[in-house]
Amino acid sequence: MGRGKIEIKRIENSTNRQVTFAKRKNGLLKKAREISILCDADVSVVMFSEAGNMTEYSSSPLIEQLARYQKESGKTLWDVKHERLSAEIDRVRKENSNLQIEIRHLKGEDLKPLSPQELHALENALEDGYACPRAKIKEHHRKLKKNGRLLEEENKRLSFTYQQQQNKWNMGAM
């Protein structure tokens with residue numbers, strides 16, 4: 001026996017509405033996955049519940065699908081501000097990539113493609129980078145030497161005081 005048709009209208013009881021949303025949401029996501037697999041289609045579904053919770057499914061990167069939708073439909077999904085943010089993200093990614101390459105060069109990796117001028121600049125950067133730690137090490141070494149001298153002097157003073165006490169006790173014992 002088949003199900004009866006229901007009238008499509010807002011469900012007034014909030015509990016029933018939540019239950020229906022959860023069941024139908026899961027069914028819709030299942031169907032989206034199935035059509036994506038069976039028909040090799042790009043499918044994206046984004047839902048927001050009454051409480052504002054987001055549920056999404058995308059068979060390929062959503063941003064790519066949105067860009068494709070915008071191109072195919074001619075509708076603008078994001079404004080110039082978003083385009084600038086996207087460009088800024090691309091710039092930061094490229095800068096990050098360049099910095100990772102520079103770090104590898106500083107570690108002595110991937111040096112073959114560098115020209116002699118670039119190698120010289122790298123050498124200068126490394127020497128400048130060593131200057132500060134070297135200065136700190138020298139300062140620390142100087143402080144250790146000074147503390148060593150102070151400890152030696154204190155040791156001599158205590159030894160002298162100990163010898164004097166020994167002499168007094170030896171004289172008093174006689």
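What you see is a predicted model; the values in this text were computed from it and never measured.
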- [ ] Kindly state each residue pair satisfying side chain to side chain donor-acceptor pair (under 3.5 Å) with at least one member in residues 102-117, sequence neighbours excluded.
- [x]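 Checked against side chain to side chain donor-acceptor pair (under 3.5 Å) - neighbours excluded - the pairs reaching residues 102-117 are Arg104-Asp110, Ser115-Gln117, Ser115-Glu118.
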- [ ] Determine which pairs satisfy side chain to side chain donor-acceptor pair (under 3.5 Å) with at least one residue from residues 15-30, sequence neighbours left out, and list them in order.
- [x] Arg17-Glu50
Open item on the list: Keeping Ser59 on the side-chain end and Ser36 on the backbone end, is there a donor-acceptor pair under 3.5 Å?
Closed with: no
- [ ] Answer yes or no: is there a donor N or O on one side and an acceptor on the other, between the side chain of Ser159 and the main chain of Asn155, under 3.5 Å?
- [x]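 Present.
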Hydrophobic cluster membership, [X] vs [Y], 4.5 Å side-chain cutoff:
X: Val45; Y: Leu62; answer: no
X: Tyr57; Y: Leu28; answer: yes
X: Leu114; Y: Leu106; answer: yes

Task: Results of salt bridge (Lys or Arg N to Asp or Glu O under 4.0 Å) for Glu127 - residues two or more places apart only - done: none
TODO: List in chain and number order the residues that pass salt bridge (Lys or Arg N to Asp or Glu O under 4.0 Å) with Glu12, two or more places apart in sequence or in another chain; answer none if no residue qualifies.
DONE: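 Residues passing salt bridge (Lys or Arg N to Asp or Glu O under 4.0 Å) with Glu12: Arg10.
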Value rounded to 0.5 Å, distance of [atom1] in [X] from [atom2] in [Y]:
X: Ile137; Y: His140; atom1: CD1; atom2: NE2; result: 9.0 Å
X: Lys156; Y: Leu151; atom1: NZ; atom2: CG; result: 12.5 Å
X: Leu85; Y: Asp90; atom1: CG; atom2: CG; result: 11.0 Å
X: Phe21; Y: Met47; atom1: CZ; atom2: CE; result: 6.0 Å
X: Lys31; Y: Leu38; atom1: NZ; atom2: CG; result: 9.5 Å

Open item on the list: Tell me every residue that passes side-chain contact (heavy atoms from CB on, under 4.5 Å) with Arg142, counting only those two or more places apart in sequence or in another chain.
Closed with: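 In terms of side-chain contact (heavy atoms from CB on, under 4.5 Å), with neighbours along the sequence ignored, Arg142 is linked to Glu139.
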Open item on the list: If the condition is side-chain contact (heavy atoms from CB on, under 4.5 Å), which residues does Phe48 pass it with, not counting sequence neighbours?
Closed with: Val46, Met54
Open item on the list: For a side chain to side chain contact (heavy atoms under 4.5 Å, CB included) check, start with the C-alpha distance between Val92 and Ile89, then their side-chain angles and the critical distance, and finish with the verdict.
Closed with: CA-CA 5 Å; Val92 169; Ile89 288 170; 5.8 Å; no
Open item on the list: side chain to side chain contact (heavy atoms under 4.5 Å, CB included), that's the test. Do Ser60 and Gln65 meet it? Break it down for me.
Closed with: CA-CA 7 Å; Ser60 61; Gln65 287 193 26; 2.7 Å; yes
Is it true that, when you exclude [X] itself, more than 12 heavy atoms of the residues, nucleotides or ligands shown sit nearer than 6.0 Å to its [atom1]?
X: Ile35; atom1: CD1; result: no
X: Asn96; atom1: CG; result: yes
X: Arg68; atom1: CZ; result: no

TODO: Flag the pair Arg91 and Glu88 as a salt bridge only when some basic side-chain nitrogen lies within less than 4.0 angstrom of an acidic carboxylate oxygen.
DONE: yes
- [ ] Would you check, one step at a time, whether the test side chain to side chain contact (heavy atoms under 4.5 Å, CB included) holds for Leu126 with Asp128?
- [x] CA-CA 5 Å; Leu126 287 170; Asp128 291 346; over 6 Å; no
Open item on the list: With heavy-atom distances below 4.5 Å as the criterion, would you say the side chains of Asn53 and Thr55 are in contact?
Closed with: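 Asn53 vs Thr55: side chains apart.
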